[in-house]
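First the structure, in the form of structure tokens, and then the observations on it.
Remember, it's 1-based here, ligands and their atoms both numbered in the order they're listed. What you see is a predicted model; the values in this text were computed from it and never measured.
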Amino acid sequence: MFDKFIRQYVTDIMSGEKDSSYAMSGKNLEDSTMMPETEETHSTDEKVDSLLSQMTLEEKITMLGGKENLGIHGLPRLNIPDVWASDASAGARCYGRATAFPVPVALAATWSRDLQKQTGQAIGEECRAKGVSVLLGPGVNIYRVPTNGRNFEYMGEDPYLASELVVPYIQGVQSRGVITTVKHFACNNSDYDRHRMNSEVDERTLHEIYFPAFKAAVQKGKSKSVMCAYNPVNGVYASENKELLTDVLRNQWGFTGFVISDWTCVYSAEGPVKAGLDLEMPFGKYMNSKKLLPLLKKGKITEAMIDEKIRNMMRAFFETGAYSRSRKDSSFREYSKAHSLISLQAAREAPVLLKNDGILPLDRDRIRKIVLMGFNALETTSCGGGSCHIKSYDKVNIIDGIRKILPEETQIDCIAGNRGVYTLTESDKKLIQEADKVIFSAGFSNVEESECWDRSWQLPFRQDRLIKETAALNPELVVLLTAGGGVETESWLKETRALLHTFYLGENTGTAIAEILFGDVNPSGKLPFTMGRKWEDFGTTDNYVRKPDKISMMRIIGPQGVRGYRRIRTVKYKEKLMVGYRHFDTAGIKPQFPFGYGLSYTDFTISNVSLSKLSIKDGESTELTLQVQNTGNREGAEVVQLYIADDEASLIRPEKELKGFEKVYLKPGESQTVSFTISSEELSFYDPEKKDWRAEAGSFTLMTGNSSRSIYSETRLELID
Ligand code: BGC
């Protein structure tokens with residue numbers, strides 16, 4: 001009961017329905033033409049140094065703590081403007097409405113680098129129109145357990161997939177002069193008690209599973225900012241973890257941007273300054289003169305350390321133009337039809353058809369009566385809760401999308417439209433029995449599935465029971481799943497004739513789902529995570545909390561600064577590399593739906609697989625080529641996936657790992673050649689002894705298919721010394 005109240009209270013603050021400093025939905029940024037005077041001919045470093053040399057120590061320290069929740073201090077005395085940030089990955093959420101794009105896990109399900117880029121560009125443009133120069137996204141924490149309340153904000157369970165998808169997103173945003181902040185570095189793999197959950201992870205697992213997407217984001221994507229996580233990693237808070245913020249990020253990966261704290265994730269002054277944190281948000285609780293001047297006096301920290309932090313920020317602001325343009329740019333639009341169309345296209349390509357015994361696509365001319373069930377059918381949740389939640393201009397609910405596509409005379413009835421446990425009445429039962437088809441929209445809302453807590457593995461409000469009761473009344477049942485990840489399906493899956501995972505699809509949810517249900521769009525999404533049959537089947541759930549959806553105010557906002565509340569709890573990542581399909585496939589456990597899986601209304605074949613060289617040396621590469629053909633009679637898209645297995649490794653390696661994918665769009669009968677380049681990079685693992693990646697000579701199996709469990713061809717490759 002109390003839980004319910006807390007959830008609703010926090011959701012209201014975060015959802016932007018009310019104006020709050022948190023969502024900043026009611027505030028509009030004012031335009032500003034303030035720009036520091038610098039010599040045109042000077043390099044960025046010279047410009048930064050010239051400004052730094054004119055700043056007092058106090059002024060410098062002020063810049064290290066945020067302003068009014070989302071601002072980064074400027075200095076009017078030197079005409080240095082404030083820089084403003086906005087959340088985040090599914091749209092430019094702050095300062096008024098924005099286009100709501102499908103959430104990151106949905107975008108990941110499209111497996112489309114191109115859609116990532118287009119989405120990034122559109123969000124970047126909306127930021128520029130609003131006066132925002134720093135986007136507080138994208139998020140790339142790995143999907144470790146299905147119940148993490150923020151899985152919807154991340155890009156799935158596979159480090160390669162997340163790396164490939166985050167890069168074009170970042171390039172898209174930053175091409176519009178807006179800095180991306182890749183988050184939450186590192187191992188923020190659940191939101192349950194996030195201030196206190198220490199992630200204990202060995203070095204190899206960090207480098208192979210939890211780091212790659214961050215590494216790609218800074219090295220290939222060139223993200224100019226990184227946000228550190230709330231949680232401690234191996235016993236040290238991320239915000240004061242030198243190994244993470246300096247040794248790995250700057251020294252190993254060559255990051256030259258700035259590190260920003262997550263909101264209220266700084267727990268002391270000296271540690272973060274030394275570890276490599278540049279900016280404390282939302283304000284300088286620790287990064288202020290009162291705390292830092294005594295440390296400077298005692299010689300615990302130096303002014304050079306503070307200068308370095310300001311350099312990191314200012315360099316990025318000069319490089320992106322935030323210091324050399326008016327804050328707002330009227331040539332960009334806060335909202336445009338073009339952006340909504342990008343969001344719609346992503347919403348069409350994201351849903352994953354998990355089961356279909358032939359009932360889909362539905363024939364709109366043969367349905368006289370249809371029943372829609374579930375709260376999401378009526379008031380559709382377009383995004384999970386928390387700082388990702390977007391208040392959009394328009395939102396198409398599932399019922400609106402279906403109504404629009406069906407002939408006017410079709411009778412549409414709605415049942416169980418309120419969030420909560422529902423008991424069917426006699427008249428509901430009659431409607432269900434008389435319907436030609438029943439569409440049950442099951443899943444979560446942004447209250448149950450949200451930042452700040454984890455959610456249940458079972459469908460909430462006993463929807464599993466309601467699905468079974470409905471199926472007993474009318475077997476012509478299709479279930480839609482609104483969720484940020486996998487849920488328990490084993491107990492009710494056989495009761496439904498089709499199951500479509502729809503994630504949270506943004507403002508055009510209803511349109512995209514209706515188009516798929518009625519066959520105007522052929523589904524092409526593929527799972528970016530594994531759906532297990534049982535909770536115990538995951539390699540990770542043993543090493544996690546017992547009641548993930550249990551919440552308390554203390555777990556949400558309590559612990560910062562109050563030592564007594566800060567008793568750390570450790571989650572040991574004992575499964576090591578065996579996350580998601582790496583575990584299911586290595587341990588030989590049958591998943592409900594494997595990673596990379598998704599059905600289509602057409603059929604594809606993969607054939608003519610060939611390898612340009614059967615053996616390579618370190619430094620060489622080989623080309624794997626194959627043909628994909630659409631052998632059915634509908635246009636569609638297939639995602640060809642390349643997995644690699646190390647046949648004889650000196651260290652334990654997962655049974656197979658994704659190392660390439662390509663999405664191909666084909667008309668009936670059409671075929672296309674796809675090729676993957678394989679070098680020792682794709683064959684290597686992280687060797688903790690050498691503290692580096694290396695590939696071992698020997699034989700590797702290259703597998704191509706359309707999920708981690710449907711492999712069409714296997715080819716052998718030899719890496720020779
Ligand atoms: C979230 C961040 C977000 C920040 C600012 C925090 O609660 O963890 O992801 O960017 O708030 O809204």
Is Glu153 touching ligand 1 with its side chain, its backbone, both, or neither, if touching means heavy atoms under 4.0 Å apart? neither

Record the part of Glu451 in heavy-atom contact with ligand 1 below 4.0 Å; permitted values are side chain, backbone, both and neither. side chain

Only heavy atoms of [X], strictly under 4.0 Å: list the atoms of ligand 1 that pass.
X	result
Ser387	1 (C), 2 (C), 3 (C), 9 (O), 12 (O)
Met227	10 (O)
Lys183	2 (C), 3 (C), 9 (O), 10 (O)
Arg194	7 (O), 8 (O)

Just to verify, which of Phe444, Phe538, Tyr544 counts as forming a ring-ring contact (aromatic ring centres under 6.0 Å, His included) with Trp457? Phe538

For Thr62, what residues pass the side-chain contact (heavy atoms from CB on, under 4.5 Å) criterion, not counting sequence neighbours? His73

Would you mind telling me which of Gln171, Glu164, Gln118 makes a side-chain contact (heavy atoms from CB on, under 4.5 Å) with Arg113? Glu164

Partner residues of Arg315 under the salt bridge (Lys or Arg N to Asp or Glu O under 4.0 Å) criterion, sequence neighbours left out: none

For the pair Trp253 and Phe211, evaluate ring-ring contact (aromatic ring centres under 6.0 Å, His included) and give the outcome as yes or no after the intermediate values. CA-CA 11 Å; Trp253 298 348; Phe211 282 172; 5.4 Å; yes

Check this for me - ligand 1, His184, N or O atoms closer than 3.5 angstrom, yes or no? yes

So, regarding Tyr230 and ligand 1 (criterion: nitrogen or oxygen to nitrogen or oxygen, under 3.5 Å), is there a contact or not? yes

Minimum distance, heavy atoms only, to atom 5 (C) of ligand 1: which one of Ile260, Asp87, Leu135 is it? Asp87

Looking at Lys395 and Thr380, would you say the former's side chain and the latter's main chain have a donor-acceptor pair under 3.5 Å? yes

Is the NZ or CZ atom of Arg97 positioned over Tyr335's six-membered ring, under 6.0 angstrom from the centre and within 45° of the axis? no

